[in-house]
There are 2 protein chains.
Amino acid sequence: MRYSLGVVYRDSSGRTLADYPRPSVAVDTAVLTVTPDGVLAVVLVRSGDPAGWRVPGTFLHPGERLADAVRRSLAQKAGITGLEPAQLHVFDAPERDDRGWVLSVAHLATVRYEELRLDAGIARLEDISAVGELRYDHSAIIEFAVAELRARYASAPDPAGLLPEPFTILELRRLHEAVAGEWLQRDTFRRAMLPGLVATGELQRGQRGKPAELFRRT
Amino acid sequence: MRYSLGVVYRDSSGRTLADYPRPSVAVDTAVLTVTPDGVLAVVLVRSGDPAGWRVPGTFLHPGERLADAVRRSLAQKAGITGLEPAQLHVFDAPERDDRGWVLSVAHLATVRYEELRLDAGIARLEDISAVGELRYDHSAIIEFAVAELRARYASAPDPAGLLPEPFTILELRRLHEAVAGEWLQRDTFRRAMLPGLVATGELQRGQRGKPAELFRRT
DNA sequence: CGTCTTTAGATCGGTTATGCGCTAATCGAG
DNA sequence: CTCGATTAGCGCATAACCGATCTAAAGACG
């Protein structure tokens, strides 16, 4: 940190930045995953002060990057590490948080279901289509996150890496259907995804029907 | 404003929000327009302290919405009103601003060339492809803004309303070419835009060639 | 006043994309 | 072991799309 190393910055009124009121800045993250039964779900944590559920979040610490604040909050509250959160939107309504003037930078993070380590007492997984109204703007955050994830999954095979490699095109399609929340045409999907896949040459055995080829993402 | 009306919020350490350091929050806006000669251009204003050029911005005032801060800064520095700014990204590198810990929320705003009232001494219009390196993250802000505007113009006719209605499809295509920065196929463009247009039944006269029908956006 | 140039808008033929169906390949049950 | 169920992957017919061409309608010019 090298704030005010030499001259302190003063504006046209001769005041420094510290003379102006500043908002608290929080990060709130919709952590999305797809469950083994093919449901797009979001991580909710128990909200302290007014009892209820919310998406995990924290206040930004001095000198901290937003993405690092997201990682810190998720490591603490949901035992998740190694994420690459993406910014979605800044919620800025002055009255949105009754604790004071708080801006919230909404984020999206994705995690494999198998890597989730949720403490059942303080966190749970909720089906995206069953989330009720949450406090603050947390319902809106989830909507932003789902829209962003769906946009990413529309044209590329599993961009978030939710599926362990190698996988069959059927497994990939089941995942994309869970994300999209709707049935996807078999051939159209195959043709759209093939350019982004590399065949391993291996076949999946032990399933019913003709063995499917195994692929990796390019 | 109703901060700390009754009970002051305290966290698990018994501290209030005010006990934690908070960042300054700024808004910076890439104001884009298309000049009469068909060039996509951005508004730059003179930077005070370290002399140079930057995109207009300001610090967020207490209780103010981000969009209102954008409007305030643009009304002051470029005489522009009636905008609907869109959030792009939060720039959060702790060292990005040597005046202190400053987060910047980048915005995009669009304005008709005829409505611009730039004070030549402090503001100028710069061709998007001729913008050099700017201080802070302002080059990145412009890149975000151009990408966002191009995405919006890819599928809908003049979503930002840069063209006065009614207009011909040729005028619309010239505008879209300026935004996209590349030549657009005549028939493909016409077919892509027609669903978003309504014919007025009027024809444009006084030009060479077969008179073109005049359209409005739906 | 007639011809040339310019531009709009419709039409047409070829290409690409889409969805259905067929066949191959495997598992499981009788 | 055989037959039926299931699933992968390819082929084919159709539909949608795209770009070039053609015609119409106006101004420019001699």
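What's counted below: heavy atoms across the whole structure, side chains too, no hydrogens, waters or symmetry copies. Note on naming: letters A, B, ... go to the chains in the order of the sequence lines (proteins, then strands), and numbering restarts at 1 for each one.
Computed from coordinates, the A/L214 CG to D/dG9 P distance equals 9 Å when rounded to whole Å. If you measure from atom CG of B/L194 to atom P of C/dA10, you get 8 Å, rounded to the nearest angstrom. In this structure, the CD atom of A/Q185 is 14 Å from the C1' atom of D/dA15, given to the nearest Å. Atom pair A/F189:CZ and D/dC10:C1' shows a separation of 18 Å (rounding to whole Å applied). Atom CE in A/M193 sits roughly 12 Å away from atom P in C/dT18 (whole-Å rounding). Going from atom CZ of A/R174 over to atom C1' of D/dT6 covers 12 Å, rounded to whole Å. Separating the CD atom of A/E202 from the P atom of D/dA8 is a distance of 17 Å, rounded to the nearest angstrom. In this entry the distance linking CZ of B/F167 with P of C/dA8 reads 14 Å, nearest Å.
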**Message:** Test salt bridge (Lys or Arg N to Asp or Glu O under 4.0 Å) on B/E64 and B/R71; report intermediate values, then the result.
**Reply:** CA-CA 11 Å; B/E64 188 180 39; B/R71 291 191 195 96; over 6 Å; no
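Mapped onto DNA chain C by nearest heavy atom, A/D187 and B/L203 fall at different nucleotides, with B/L203 at the one closer to the 5' end.
Taking the charged nitrogens against the carboxylate oxygens, B/R54 and B/D28 do have a contact shorter than 4.0 Å, which makes a salt bridge.
Between C/dG19 and A/T188, a contact under 4.0 Å exists linking OP1 or OP2 to a side-chain N or O. Listed pair A/Q204 / D/dA8 fails the phosphate criterion, with no side-chain N or O lying under 4.0 Å from OP1 or OP2. At D/dG9, one or more side-chain N or O atoms of A/R190 fall inside 4.0 Å of OP1 or OP2 (strictly under the cut-off).
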Distances for protein N or O near nucleotides 5-7 of chain C N or O, under 3.5 Å:
from  : atom 1 : to     : atom 2 : distance (Å)
C/dT7 : O2     : B/K210 : N      : 3.1

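In this model, no donor atom of one side chain and acceptor atom of the other lie less than 3.5 Å apart for B/R216 and B/T200. Between A/T58 and A/R72, the side chains place a donor N or O and an acceptor N or O closer than 3.5 Å (distance only, hydrogens not considered). No donor-acceptor contact under 3.5 angstrom links the side chains of B/Q204 and B/E213, judged on distance only.
The side chain of A/E213 lies closest to D/dG9 when the candidates are D/dT21, C/dT18, D/dG9.
In this structure, A/L149 and A/F144 have side chains that are not in contact, with every pair of non-hydrogen atoms separated by 4.5 Å or more.
The salt bridge (Lys or Arg N to Asp or Glu O under 4.0 Å) test applied to A/R173 returns A/E177, not counting sequence neighbours.
Judged by atom type and distance alone, B/R191 reaches the base of D/dG19 through a side-chain donor-acceptor pair under 3.5 Å.
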